Amino acid sequence: MEVRTLTAEEARDDIVSRDPATGREIGRVPVASSEEVARALSDARTAQNGWAKLSFRERGRVVMRARAIVLDEIEEIAALISEESGKPADEAIAMEIVPTLDLMQFFARKSAKLLKPEKIDIGQYGLMGRSSRIVYKPLGTVGIISPWNFPWAIPLGEVVMALMAGNAVVLKPSELTPMVGVKIGEVFKRAGLNDDLLQVVTGDGRTGAALVEARPDKIMFTGSVATGKRVAETAARNLTPVVLELGGKDPMIVLEDADVEMAAQAAVWGALANAGQACASVERCYVHESISEKFIARAVELVKSLRLDVGTREATDIGAMSSERQLNTVEEHIDDAVARGARILTGGRRNETLAGSFYEPTVLTDVDHTMLVMRDETFGPVLPIMTFKTEDEAIGLANDSPFGLTASVWTKDIARGRRIAEQIEAGTVMVNEVLYTHGIAQTPWGGVKQSGLGRTHGRLGLLELVTPQHIHVNRFSFIPDFWWFSYTPRASKLFRGFAQRFATGNPLQTSLLLPQMIRRFFERRP
Ligand code: NAD
């Protein structure tokens with residue numbers, strides 16, 4: 001088996017984190033080698049034993065102390081997120097910090113209830129003095145590998161959930177936003193969490209790969225489909241379970257009875273917030289032809305009013321893109337679309353007056369599914385709009401994608417919205433909403449198809465971070481089981497009776513076997 005290691009020599013150069021809006025250096029972090037990652041994991045494993053013994057209330061206290069620190073330093077944290085990722089500081093507060101403050105109080109207070117041992121209905125075995133319960137135990141160590149687009153909300157949410165479930169964590173933040181990752185570690189340390197229980201290992205993809213190779217008890221990966229598949233391949237060799245939160249190409253369907261003004265505002269925010277660099281961004285907008293003219297005109301008007309600027313400046317709506325590489329992908333998609341007949345109604349080019357990686361917010365029409373901009377993840381400030389004639393056509397277009405993260409349906413008829421939502425292949429479908437449900441920590445987050453495996457957030461997300469243990473008790477232990485040795489002729493007949501009657505699940509049927517069972521009970525055993 002191939003084992004790749006990142007030696008200290010190879011990991012020699014520090015990562016320099018820069019503000020994509022200005023190019024200014026924000027900080028430097030080391031690239032952790034394979035050996036350092038393995039050590040972090042082993043220390044985490046040792047520390048976890050004590051942590052798992054604490055009650056939910058005690059763990060929750062640490063999380064609530066960390067929450068108080070975040071709230072205290074909200075402006076400083078928002079500025080750091082803004083400088084390292086390019087997004088407006090206000091947006092960092094609205095889309096990253098507020099949701100995590102809510103997530104922290106929710107899991108600190110509710111994890112005990114969400115992971116309460118559960119009694120299982122075991123049918124007629126219950127009449128035989130048996131009972132079954134599921135208890136949820138921590139996994140041990142969780143490796144979290146996170147992207148740059150929500151450098152605070154994504155890893156922090158997973159860290160909180162993993163800790164509340166009783167695990168220790170090794171976090172590998174994106175190489176584009178390492179300082180935000182380091183800040184998360186610092187907040188918990190100051191909240192009194194043992195250093196070994198949350199360790200932040202900085203580095204690039206090689207450090208991420210080293211973390212997977214080091215065999216944590218679970219990997220929570222968020223990032224691109226290509227990297228996610230690589231992570232899954234490596235993890236499979238060790239049977240390490242993975243949750244993969246991958247890319248999206250999320251559709252928005254605007255039906256003829258939608259509130260056009262609200263739908264247009266939502267489309268513009270859903271496509272352009274975070275400069276379109278959200279896995280759940282509106283990346284494909286399908287509008288009924290009868291309202292498309294009005295919808296497009298309003299969307300263009302709204303987009304033209306947006307202020308593109310450095311994220312830390314007041315009233316900035318759209319900041320720099322996180323990297324030149326991402327901006328190049330957007331350029332490639334727009335060039336391809338235009339070459340195939342798309343029309344740019346506004347934007348469609350890099351902003352030359354601002355020095356950093358800024359792309360003008362863009363509205364495209366006359367697009368179709370041959371174009372990259374309707375097929376691959378663009379991950380940029382682009383709203384491509386296509387029209388449709390019938391509901392079935394819209395559903396078909398929405399599902400014509402390898403991705404399935406979120407989707408939205410816009411209509412005043414909620415029942416119709418729900419009905420259509422259920423026909424869409426996506427982990428989350430919103431009716432009259434876009435993009436934001438990652439911010440509702442109580443709800444499950446995750447995709448279908450190439451958008452990933454497993455869930456984060458909500459009870460389903462918490463269950464990913466524990467192992468269920470089934471505990472079965474027999475209170476009638478003074479009676480030998482009917483199916484134990486010896487397989488006498490009487491037993492043989494009773495087994496057949498069980499097949500015919502007991503296995504129906506009907507106690508009346510089973511009661512017809514009572515005389516046979518009594519005979520079997522008194523049967524002499526060797
Ligand atoms: P990426 O796949 O390039 O990197 C993600 C993380 O993986 C980084 O920390 C990186 O260092 C690490 N990594 C790289 N190679 C690795 C390897 N071989 N083994 C282990 N780790 C490795 O993704 P990105 O560019 O940082 O993020 C953008 C992508 O993330 C988009 O596709 C976006 O849709 C997706 N995303 C998904 C969600 C979701 O919840 N589904 C949320 C945010 C972002």
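Order of listing sets the numbers, starting from 1, for every ligand and every atom in it. Computed from a predicted model, the values in this text were never measured in an experiment.
- Of the polar atoms of Ser146, at least one N or O is found under 3.5 Å from an N or O of ligand 1, judged by distance alone.
- With a heavy-atom cut-off of 4.0 Å, His438 does not touch ligand 1 at all.
- Around CD of Gln105, the count of heavy atoms belonging to other residues, nucleotides or ligands within 6.0 Å exceeds 12.
- Taking a cut-off of under 4.0 Å to the non-hydrogen atoms of Trp445, the atoms of ligand 1 that pass are 39 (C), 40 (O).
- On a distance-only criterion, Asn149 and ligand 1 share no N/O pair closer than 3.5 Å.
- Heavy-atom separations between Ser174 and ligand 1 include at least one value shorter than 4.0 Å.
- Counting the atoms of ligand 1 from 1 in the order shown, those under 4.0 Å from a heavy atom of Val231 are 19 (N), 20 (C).
- Cation-pi check for Lys87 over Phe150 is met; the charged atom lies under 6.0 angstrom from the ring centroid and within 45 degrees of its normal.
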Can you check side-chain contact (heavy atoms from CB on, under 4.5 Å) on Val70 and Val187, steps first, answer last?
CA-CA 7 Å; Val70 175; Val187 165; 3.9 Å; yes
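- Heavy-atom proximity to Ala209, at under 4.0 Å, picks out these atoms of ligand 1: 19 (N), 20 (C), 21 (N).
- Remark: ligand 1 and Ile154 share no N or O pair separated by less than 3.5 Å (distance only, no angle test).
- Ring geometry for Tyr286 against His369 counts as tilted: the plane angle lies between 30° and 60°, on a 0 to 90° scale.
- Atom NZ of Lys449 has more than 12 heavy atoms from other residues, nucleotides or ligands within 6.0 Å.
- Within ligand 1, counting atoms from 1 as listed, the ones closer than 4.0 Å to a heavy atom of Asp204 are 11 (O).
- Nearest to atom 29 (C) of ligand 1 by heavy-atom distance, out of Cys279, Pro155, Gly223, Gly247, is Gly223.
- In the displayed structure, Arg418 atom CZ is contacted under 6.0 Å by at most 12 heavy atoms of other residues, nucleotides or ligands.
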Check the pair Val37 / Leu41 against side-chain contact (heavy atoms from CB on, under 4.5 Å), numbers first and verdict last.
CA-CA 6 Å; Val37 171; Leu41 196 68; 5.6 Å; no
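- Only the backbone of Leu246 comes within 4.0 Å of ligand 1, judged by heavy-atom distances.
- Close approach to Gly208 involves these atoms of ligand 1, each under 4.0 Å from a residue heavy atom: 19 (N), 20 (C), 21 (N).
- Counting heavy atoms from C-beta on, the side chains of Leu163 and Phe188 come closer than 4.5 Å.
- Listed by number with element, the atoms of ligand 1 under 4.0 angstrom from any heavy atom of Thr227 are 1 (P), 2 (O), 3 (O), 13 (N), 14 (C), 15 (N), 16 (C), 17 (C), 22 (C).
- Less than 4.0 angstrom separates some heavy atom of Ile145 from each of these atoms of ligand 1: 6 (C), 7 (O), 9 (O), 12 (C), 20 (C), 21 (N).
- Looking at Phe221, Phe379, Trp148, it is Trp148 that brings a heavy atom closest to atom 26 (O) of ligand 1.
- The backbone N or O of Leu176 lies less than 3.5 Å from a partner atom in the side chain of Ser174, making a donor-acceptor pair.
- Distances from atom 5 (C) of ligand 1 to the heavy atoms of Thr177, Val225, Thr222 show the closest one on Thr222.
- Ring-plane geometry between His457 and His438 is classed as tilted, the angle between the planes lying from 30 to 60 degrees on a 0 to 90 degree scale.
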